[in-house]
Amino acid sequence: MWHAGIRSLLRTSPRLLCVATQQKNTGQNLEEDQSQSQNEQKIEPSTAEKMLTEEKGKLEEQLKEVTDKYKRALADAENVRQRSQKLVEEAKLYGIQSFCKDLLEVADILEKATESVPKEEIKDENPHLKSLYEGLVMTEVQIQKVFKKHGLLRLNPVGAKFDPYEHEALFHAPMEGKEPGTIALVSKIGYKLHGRTLRPALVGVVKDA
């Protein structure tokens with residue numbers, strides 16, 4: 001009897017069946033669309049995250065490269081500054097060496113002049129010679145003070161070991177009681193300017209007998 005009622009209902013309302021079918025299909029389509037939309041939402045954030053990660057990596061590499069270049073530029077600038085400062089300091093120290101070399105000739109003349117005065121003649125009976133000698137000695141002392149003030153020092157290496165950076169050997173000769181390789185005679189005084197040899201001392205060096 002129940003089946004008979006259904007058949008009667010279907011015969012009398014075929015449109016209801018069509019509408020129900022459409023609603024069912026529409027519901028399924030909506031569910032599929034929602035499911036697809038959810039899947040797309042799940043996929044899209046993953047792709048965007050990957051792109052952001054790649055972009056972040058590129059930016060970090062660029063930042064590292066720029067930082068390295070900046071550090072190298074700073075190091076180069078510091079090296080240039082130090083070299084420039086060293087050149088300026090050396091110019092201040094050694095810029096007068098040409099002038100000093102000329103003054104050394106004056107010091108040599110003064111030294112020879114004082115050495116040439118007979119010591120036995122320096123007495124009160126010869127006041128003029130005595131005054132002249134004392135004046136030469138005072139001048140020599142004063143010029144050595146000026147030299148020292150500006151970093152110019154004498155090299156009088158009698159008895160010292162021969163050093164080719166500070167001495168120039170005029171001859172080598174055996175000398176009894178002297179150690180080979182030492183300086184026995186200084187023919188001309190040498191000078192150093194701020195630790196750098198300006199003029200080597202001219203010397204005679206002891207050699208093995």
Side-chain angles (χ1 to χ4, degrees), residues 67-123 126 128-209:
T67 302
D68 291 340
K69 288 182 179 179
Y70 176 68
K71 289 180 178 179
R72 284 197 296 269
L74 284 180
D76 291 341
E78 179 62 18
N79 290 334
V80 170
R81 187 192 68 79
Q82 290 180 357
R83 285 197 296 269
S84 300
Q85 184 177 358
K86 185 178 180 181
L87 290 173
V88 170
E89 291 174 354
E90 288 184 350
K92 289 179 181 179
L93 290 176
Y94 304 110
I96 61 171
Q97 62 182 4
S98 180
F99 178 66
C100 289
K101 282 184 177 180
D102 294 336
L103 285 180
L104 295 185
E105 300 299 326
V106 178
D108 292 340
I109 293 171
L110 283 173
E111 185 176 3
K112 288 178 180 178
T114 55
E115 289 176 353
S116 65
V117 177
K119 301 300 184 289
E120 64 275 7
E121 297 295 330
I122 304 172
K123 50 188 178 180
N126 294 320
H128 297 295
L129 181 60
K130 183 179 179 181
S131 296
L132 177 61
Y133 176 77
E134 289 175 349
L136 289 173
V137 171
M138 289 176 63
T139 303
E140 188 178 6
V141 170
Q142 185 62 33
I143 199 171
Q144 290 300 326
K145 286 182 179 179
V146 173
F147 286 172
K148 186 176 181 180
K149 178 181 178 181
H150 293 280
L152 188 61
L153 301 178
R154 284 163 55 100
L155 290 175
N156 189 8
V158 175
K161 279 283 187 181
F162 177 76
D163 184 348
Y165 294 103
E166 296 183 358
H167 316 134
E168 182 179 338
L170 296 177
F171 63 88
H172 293 76
M175 293 186 183
E176 188 176 350
K178 300 287 186 179
E179 183 182 352
T182 59
I183 297 171
L185 175 69
V186 176
S187 175
K188 193 172 186 179
I189 296 294
Y191 284 87
K192 295 180 76 172
L193 178 62
H194 296 292
R196 179 187 295 179
T197 300
L198 183 63
R199 186 182 78 183
L202 304 182
V203 300
V205 184
V206 180
K207 72 173 185 178
D208 292 326

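Quick note: numbers below take in every heavy atom, side chains included, and nothing from hydrogens, waters or symmetry partners.
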key: Derivation and outcome, side chain to side chain contact (heavy atoms under 4.5 Å, CB included), residues K188 and E168   = CA-CA 10 Å; K188 193 172 186 179; E168 182 179 338; over 6 Å; no
ask   = Could you go step by step and tell me if K119 and Y133 meet the side chain to side chain contact (heavy atoms under 4.5 Å, CB included) rule?
value = CA-CA 9 Å; K119 301 300 184 289; Y133 176 77; 3.6 Å; yes
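- In this structure, F147 and A107 approach most closely via the heavy-atom pair CE1-CB, 3.8 Å.
- Between the S131 side chain and the H128 main chain, no donor and acceptor come within less than 3.5 Å of each other.
- The aromatic rings of F162 and H167 sit tilted relative to each other, their planes meeting at an angle between 30° and 60°.
- The local environment of NZ in K178 is sparse, with at most 12 non-hydrogen atoms from other residues, nucleotides or ligands closer than 6.0 Å.
- Counting only N and O atoms by type, the side chains of Q144 and E140 include no donor and acceptor under 3.5 Å apart.
- Rounding to the nearest 0.5 Å places CZ of R154 at 4.5 Å from CD1 of I189.
- Residue A201 comes nearest to P157 through the heavy atom pair CB-CD, 4.0 Å, listed as atom of the first residue, atom of the second, then distance.
- Within 6.0 Å of atom NZ in K161, more than 12 heavy atoms from other residues, nucleotides or ligands are found, so the atom counts as buried in its surroundings.
- Nearest heavy-atom pair, R199 versus L155, reported as atom, atom and distance to 0.1 Å: O-CD1, 4.3 Å.
- Annotation: side chain of V117 is not in contact with side chain of L132 (no heavy-atom distance under 4.5 Å).
- A distance-only check finds no donor-acceptor pair linking the side chain of H150 to the backbone of H194 [under 3.5 Å].
- Note that the CD1 atom of I96 and the CG atom of L198 stand 9.0 Å from one another [nearest 0.5 Å].
- Atom CD1 of I143 is separated from atom NZ of K148 by 15.5 Å, given to the nearest 0.5 angstrom.
- Under the side-chain contact (heavy atoms from CB on, under 4.5 Å) rule, H172 has a single partner from D208, V206, V205, which is V205.
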request  = List the steps, then state whether side chain to side chain contact (heavy atoms under 4.5 Å, CB included) holds for L103 with L152.
outcome  = CA-CA 11 Å; L103 285 180; L152 188 61; 6.0 Å; no
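- Taking the side chain as every heavy atom from C-beta outward, R83 and N79 approach each other to under 4.5 Å.
- Residues P174 and K207 have side chains in contact (heavy-atom distance under 4.5 Å, counting atoms from C-beta outward).
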task = Kindly determine whether E115 and K112 satisfy salt bridge (charged side-chain N to carboxylate O under 4.0 Å, His left out), including the steps that lead there.
result = CA-CA 5 Å; E115 289 176 353; K112 288 178 180 178; over 6 Å; no
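- The CG atom of L185 sits 6.5 Å away from atom CE of M175, with the distance rounded to the nearest 0.5 Å.
- Counting only distance, with no hydrogens or angles, the side chain of T197 and the backbone of Y165 share a donor-acceptor pair below 3.5 Å.
- Taken from OG1 in T114 to CG in L136, the straight-line distance is 7.0 Å, to the nearest 0.5 Å.
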